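Below is one structure, written out as structure tokens, with a few remarks after it.
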Amino acid sequence: MCAKRSTDIETFMQGVIDRNPGETEFHQAVREVSADIIPWIQDKPSYMEAQILERMAEPDRVVSFRVCWADDDGNVRVNRGYRVQNNNAIGPYKGGLRFHPSVNQSILKFLAFEQTFKNSLTGLPMGGGKGGADFNPKGKSDNEVMRFCQSFMTELFRHVGADTDIPAGDIGVGAREIGYMFGQYKRITNQFTGTLTGKGMEYGGSEMRPEATGYGAVYFLEDMLHSKGDAIEGKSVAISGSGNVATFAAEKIIHRGGKVLTLSDSGGFIHDRDGIDAEKLAWIKELKGVRRGRISEYADHFKTADFHERTRPWNVPCDLAIPCATQNEISADDAKALIANGCMAVSEGANMPTVIEGIDVFLRSRILFGPSKAANAGGVAMSGLEMSQKSARRSWAQEELRNLLREIMDGIHSRCHAAGLEDDGYCNYVRGANIAGFQKVANAMMAFGVV
Ligand code: NDP
């Protein structure tokens, strides 16, 4: 990269860092995008003059609020809730809610910023937002989770709405939490609207929503492999996480004839040398989804597996990797270990799971690398289809939705491929996703003038 471009990026980033002190995850997400966008807009003065990237990196608004609730022993507990509304140039804000003790403003701003590009890539009319709370649902009773969700929604309802901002699930927010929040929203507003997605099938949810992010990440992986005349069948796959995204990514890999070697949670990872088949995966879904147990129990139950405490699975030799737990879970050393062990493709199911230096390792090694804003967009795309179904007051069949998801992921892959293809035939999907995601939002912002 020429010296001027590199200086422009550093000058831009210094402004972002000065305005958002200490928000390291937000800086990381903005840096990753600006490294591609700033060189790309150098010869597009209208974007430069309108300060489009500067405006995208400044959320429309950030709301934070107190959430009080009482635990089962009658103790009063206090958490902090947030909603970050990053950009609604192409549609109402849309993005998940995360309940996890690590949640803070920096993490939610990075997620809302990323979501803006991701939602644009889907081709659907959705802006970018994200929210959540530093509440830990782990170890809480159903009643405690319900009281927390009700208290959280008692404030959040002022800021969201079917045409304003439509939250969904994320880490720590699944069907149970969405149910409690929608129940409270309906009670307060006396309206049955499509304000939340990820709802149960009985009250306005969509078939295929639970599967969509994990399946979508595998479809994207498959599209990258197909572009090289390759396929998933017969390949070994390392997956991290064991929640919604990880389990459905594993399921689709199994459908495609791949061998899933690993899954993980925050306690460590399991390595099953014989592979995690459909039956074992059903056991894991019950363990994590119903009994809310730990992944270490898998190794007690299945003797073909070892449990590795407090370690991530990236040293296990594999052909393909799908990180599906959380941000920054692949370090530069992890990336080097994956490459050294022969990994040929990575599809990011989680949001920003690879540190910037790790992404550099993957791109320099010229492996297929699907960044999260493209590879995991299947979930929000299905949420967009849930919104369409709600507006049309009808439900589409599973098969129809599966085909639509496939079409949307293929479309995202094509857009990223077209924008990221280099002269030597290598596709830099990171650049492709950033440029393709940026263009639509930028053009809409230009149409609105300075607002
Ligand atoms: P879940 O809560 O269902 O599962 C999260 C999984 O990741 C759990 O196994 C959890 O382990 C593990 N995990 C969470 N935090 C950490 C950590 N700090 N270190 C190690 N492991 C961790 O969440 P989802 O599957 O929904 O989300 C996973 C990722 O995918 C997130 O990055 C999310 O933003 C992203 N995503 C999710 C979408 C969706 O549709 N759900 C859509 C697009 C992206 P433990 O049980 O021990 O906490």
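Since the structure is predicted, the reported quantities are computational estimates derived from the model, not experimental observations. Numbering of ligands and ligand atoms starts at 1, following listing order.
In this pair, Phe65 and Phe152 present their aromatic rings tilted. The plane angle is within the 30 to 60° band. Using a 30° and 60° split on the angle between ring planes, Phe148 and Phe99 fall in the perpendicular class, above 60°.
Checked for salt-bridge contact, Arg294 and Asp265 meet the test: a charged N lies under 4.0 Å from a carboxylate O.
Within the cation-pi definition used here (under 6.0 Å to the ring centroid, within 45° of the axis), Arg209 does not qualify as a partner of Trp396.
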Give one line per pair: atom of ligand 1, protein atom, distance. Only N/O to N/O under 3.5 Å.
from	atom 1	to	atom 2	distance (Å)
ligand 1	2 (O)	Gly172	N	3.0
ligand 1	3 (O)	Asn244	N	2.9
ligand 1	9 (O)	Ser242	N	2.9
ligand 1	9 (O)	Ser242	OG	3.2
ligand 1	11 (O)	Ser266	N	3.4
ligand 1	25 (O)	Asn244	N	3.2
ligand 1	25 (O)	Val245	N	3.0
ligand 1	32 (O)	Asn351	N	3.1
ligand 1	34 (O)	Arg98	NH2	2.9
ligand 1	34 (O)	Asp170	OD1	2.6
ligand 1	34 (O)	Asp170	OD2	3.3
ligand 1	34 (O)	Asn351	ND2	2.8
ligand 1	40 (O)	Arg209	NH1	3.2
ligand 1	40 (O)	Arg209	NH2	3.1
ligand 1	40 (O)	Thr213	OG1	2.7
ligand 1	47 (O)	Lys138	NZ	3.4
ligand 1	47 (O)	Ser266	N	2.9
ligand 1	47 (O)	Ser266	OG	2.4
ligand 1	47 (O)	Arg294	NH1	3.4
ligand 1	47 (O)	Arg294	NH2	2.6
ligand 1	48 (O)	Lys138	NZ	2.8

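Using a 4.5 Å heavy-atom threshold, the side chains of Met382 and Leu405 count as touching.
Not a single donor-acceptor pair under 3.5 Å links the side chain of Thr213 to the backbone N or O of Gly378.
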